[in-house]
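One is the number of the first residue; the rest follow in order along the sequence. Both counts, for ligands and for their atoms, begin at 1 and track the order of listing. If you're wondering where the values come from, they're calculated on a predicted model, not measured in any experiment.
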Amino acid sequence: MRFLIALICCLTWQLQAQKPKKPSSSEIYEQIKGLNFLGSALYVAAHPDDENTAMISYLSNTLHARTGYLALTRGDGGQNLIGPEIRELLGVIRTQELLAARRTDGGEQRFTRANDFGYSKNPEETLEFWERDQVLSDVVWAIRNFKPDVVINRFDHRSPGTTHGHHTTSAMLSVEAFELANDITRYSDQLELTDAWQPKRLFFNTSYWFYGSQDAFNKADKSNLVKVDVGSFYPAFGLSNTEISALSRSQHKSQGFGNTGTRGNQIEYLELLKGEYPQNGNLFEGIDTSWNRLSDGEAVGTILNAVEKNYDFKNPAASLPDLLNAYKLITKLEDKHWRELKSLEIIEIIKACAGLYIETATSKQTATANQKIALQIEAINRSEYPITLESITLLPSEKTLAISQNLNFNTRYSKSVEITLAEATLTTAYWLTKEGTEGMYAVADQHLIGLPETPKKNKAIFNFRIDDMLIPITTDLIYKYNDRVNGEVYEPFEIVPKASVEIKEPVVIFPTTESKVITTNITAYTSNINGIVSLQVPENWKVSEPQKISISNKGETKSLKFTITPPKNASEGILQPIINIDGTDIFTKVVTIDYDHIPLQTLVLPSKNKLVRLDIAKKGDYIGYIAGAGDAIPESLNEIGYQVAQLNVSEITTEKLNQFDAVVMGVRAYNILDELKYKQSLLLDYVSNGGTMIVQYNTARGFDFENLGPYPLHLSSDRVTDERAEITILDPDAEILNYPNKITSKDFEGWVQERGLYFPNEWDAAYTPILSMHDKNEKSSEGSLLIAQYGKGHYIYTGLSFFRELPAGVSGAFRLFANMLSVGKNNQEIKP
Ligand SMILES: [Zn+2]
């Protein structure tokens with residue numbers, strides 16, 4: 001039993017798709033073919049969506065190789081097209097989208113501890129954020145654990161600067177890890193948990209993209225490229241490989257990567273980087289991928305090749321006697337790696353051939369530690385083969401329920417039991433429990449590194465006796481209910497704290513010494529909680545007294561209001577709500593993420609908010625805002641006391657504009673709102689009559705807007721991605737840097753993700769450039785903030801990333817934005 005529990009704990013990630021698999025007869029046959037293939041491939045790239053799903057599906061479904069995709073990051077740095085989650089929560093969604101993609105194309109998913117911190121231009125910049133040695137160690141760890149025969153890179157390790165720095169870095173680290181994985185002097189701590197491993201071949205999965213154009217690729221010398229046709233058709237699934245690939249790619253819904261399938265031949269090109277060139281085009285040439293690969297595998301192969309040959313599509317159970325004989329031999333194999341993998345694989349096939357269904361359903365989706373919950377156990381044998389359910393072992397308690405029940409043909413066995421949940425099995429994403437750095441997640445437990453999810457701890461092992469063998473089949477505890485519209489719904493069962501405590505606004509801004517009333521929400525995750533809620537604020541801030549709270553019903557949320565008073569001077573710090581229940585402090589909030597294409601996600605995260613007392617003055621009160629692609633600038637301006645009116649394009653009239661102290665265009669407004677063309681002259685007239693107009697970044701590609709400013713202005717793709725890049729002030733006396741707030745280099749400290757993007761690179765002499773900045777080893781750009789007097793008013797174009805900085809509570813960005821809004825109002829009374 002010890003061995004089994006250890007085995008289950010290290011391989012559980014394979015079994016976590018929460019909906020039970022119910023393979024058809026032809027799908028079982030494909031699984032048997034996979035059982036008879038002993039070879040594996042690992043695809044390596046940087047982000048969710050980098051992976052070539054046609055290649056992964058080909059390796060997995062055509063060749064039947066065990067196939068992994070190692071994405072160095074979880075894609076936290078991107079945009080979310082389906083909801084409000086960004087950063088870490090977006091990383092959680094994209095992790096699940098990768099798992100959904102792998103469930104579709106048959107691959108397995110792996111990661112490293114690298115965090116997708118945003119765009120970087122080259123590997124040098126990437127490695128300023130990623131700890132090179134840690135990420136390399138994780139790639140080596142992935143290779144040593146997965147033991148691939150073939151490693152395939154998505155990107156070219158030899159062309160830094162031609163694509164995202166994360167991409168090139170993924171390829172460079174993979175090339176390096178290829179040999180290091182077999183070097184026992186490197187990362188030797190890992191070797192206490194796994195063995196060194198030398199893959200046989202390393203490829204780069206090239207395409208026309210890397211040659212600049214389809215034409216250049218057509219003409220290129222391809223003698224060193226292996227050609228693979230990935231257009232197979234699978235009668236068992238009724239789909240072409242390329243159709244499966246599109247279904248897999250379409251799981252990347254947060255990125256809007258819905259993809260239409262194609263049919264017919266499709267050639268993929270693999271450039272050999274290391275190992276011997278495969279003359280016959282077979283990626284596994286020279287590697288024995290049959291059972292003969294193992295010194296004691298021949299007998300297994302003899303049995304299982306016959307199972308494959310004689311498989312009866314009308315009666316899969318006819319294969320059971322041979323499968324059981326093979327299982328007995330597999331559990332005795334010397335090679336631990338293949339023994340563990342193939343044991344799990346053949347158990348799944350035995351289960352499917354017997355039409356054996358098992359389930360352990362909880363009565364609630366969540367529960368708290370030490371709580372009693374009801375479990376509904378089901379087991380049914382839908383074959384005539386004699387099977388006895390001997391016992392069920394519950395994890396993590398290891399408590400065993402003796403059962404000894406013969407499972408007669410198609411007769412359902414069910415049982416209700418009540419269990420007490422163990423402590424310390426709290427649900428959450430393991431990589432988010434400790435604070436990491438901008439470029440790295442902190443994960444202390446080496447066993448967890450690389451796993452896509454936190455292994456579930458609450459499980460049931462069904463111990464079946466079939467013939468003379470005890471066969472354990474493990475299943476997660478799941479929550480199941482009937483939805484009136486969707487029918488049967490499965491959700492992961494989760495253990496959460498007794499309560500969640502949360503303040504909605506991630507950043508609370510105090511533009512003056514005036515107090516603010518903050519709402520704290522408390523949600524009960526068990527019935528009848530009584531607690532004391534308090535807020536922790538930084539030194540020299542003040543907060544009102546702790547308050548008692550009682551909530552009777554599980555799932556109910558109540559709110560308490562607290563008054564926070566900032567200090568006199570500028571200050572920043574953490575605001576932490578706490579609820580004390582029965583002497584225990586809870587500092588966390590429970591966050592759920594619910595989308596149709598991924599399992600319900602429940603996360604227990606630190607409940608932390610940011611407090612900012614700004615030293616800020618402003619002029620003007622009433623701002624007109626024309627939203628572009630969407631940003632939170634209006635809310636941020638509200639926080640510092642502006643009144644913001646959001647306008648549709650059709651509402652832009654001279655009369656309306658004249659009410660505003662300034663008009664601001666949201667990010668990418670001119671890219672998105674075609675009709676702005678017809679309003680631009682009204683807007684520029686407003687400026688000429690004394691108004692202030694601020695235009696935030698627009699993307700340069702295909703941009704053909706004639707009169708973006710009152711004078712000629714040309715957008716480029718110049719960007720400064722290093723948020724710490726030094727800023728040179730070109731014109732220290734410029735009004736925009738002095739009134740009403742004196743802007744100094746200190747105001748450019750603490751910026752997040754980047755300085756700015758799509759800066760103009762040419763402009764009319766009527767514009768004054770204010771700032772100069774550049775990324776390492778690049779030319780300076782002076783186009784980040786341009787201002788021009790036009791008639792009696794002012795026009796400002798800025799690619800600075802205010803849309804990121806203001807919601808993050810960056811005080812210098814607030815002060816500069818207030819100055820932009822206040823330009824030309826020097827003679828008016830200054831407001832705090
Ligand atoms: Zn990418």
Side-chain angles (χ1 to χ4, degrees), residues 42-56 68-82 85-88 90-102 105 107 109-130 132 135 138-139 142 151-175 203-212 245-246 248-259 268 438-441 450 452 699 701 717 719 721 753-754 757:
L42 185 66
Y43 201 88
V44 182
H47 304 119
D49 84 350
D50 288 345
E51 81 276 23
N52 180 344
T53 51
M55 196 72 216
I56 290 175
Y69 172 39
L70 173 63
L72 264 51
T73 75
R74 297 173 188 265
D76 310 42
Q79 329 273 322
N80 182 358
L81 298 188
I82 56 170
E85 297 84 1
I86 54 166
R87 301 297 314 167
E88 288 76 10
L90 180 58
V92 170
I93 292 177
R94 295 207 173 159
T95 296
Q96 290 300 324
E97 291 182 338
L98 280 170
L99 289 168
R102 297 296 82 78
D105 60 32
Q109 189 58 46
R110 291 290 193 282
F111 294 96
T112 73
R113 283 170 289 176
N115 189 338
D116 174 9
F117 54 83
Y119 192 77
S120 63
K121 289 173 179 167
N122 52 56
E124 201 185 326
E125 198 184 310
T126 299
L127 292 170
E128 282 177 26
F129 292 87
W130 291 358
R132 189 180 197 286
V135 186
D138 291 358
V139 178
V151 177
I152 302 174
N153 292 346
R154 168 78 278 191
F155 296 102
D156 190 350
H157 63 291
R158 298 154 298 195
S159 54
T162 54
T163 176
H164 198 320
H166 297 175
H167 292 164
T168 314
T169 307
S170 75
M172 290 164 67
L173 296 180
S174 168
V175 168
F203 293 104
F204 157 43
N205 184 191
T206 190
S207 76
Y208 75 90
W209 190 88
F210 295 94
Y211 289 73
S245 158
S248 170
R249 192 152 184 81
S250 299
Q251 299 304 316
H252 292 302
K253 295 190 192 301
S254 70
Q255 313 204 48
F257 278 179
N259 200 277
E268 285 291 334
E438 233 184 312
M440 296 299 300
Y441 291 117
T699 56
R701 183 186 264 191
S717 52
R719 63 202 291 174
T721 55
Q753 193 150 343
E754 62 190 347
L757 61 175

Would you compute the distance between atom CZ of Phe210 and atom CZ of Phe204 and round it to the nearest 0.5 angstrom?
4.0 Å

Using the test salt bridge (Lys or Arg N to Asp or Glu O under 4.0 Å), find all partners of Glu51 that sit at least two apart in sequence or belong to another chain.
Arg102

Step by step, work out the side-chain hydrogen bond (donor to acceptor under 3.5 Å, both in side chains) result for Ser248 and Asp105.
CA-CA 6 Å; Ser248 170; Asp105 60 32; 2.8 Å; yes

Are any side-chain N or O atoms of Arg94 and backbone N or O atoms of Pro48, one a donor and one an acceptor, separated by less than 3.5 Å?
no

By side-chain hydrogen bond (donor to acceptor under 3.5 Å, both in side chains), which residues pair with Glu128, not counting sequence neighbours?
Arg724, Lys776

Strictly under 2.8 Å of the Zn ion (ligand 1): which protein N/O/S atoms qualify?
His47 ND1, Asp50 OD1, His167 NE2

So the salt bridge (charged side-chain N to carboxylate O under 4.0 Å, His left out) pairs with at least one residue in residues 158-170 (sequence neighbours excluded) are Asp156-Arg158, Arg158-Glu271

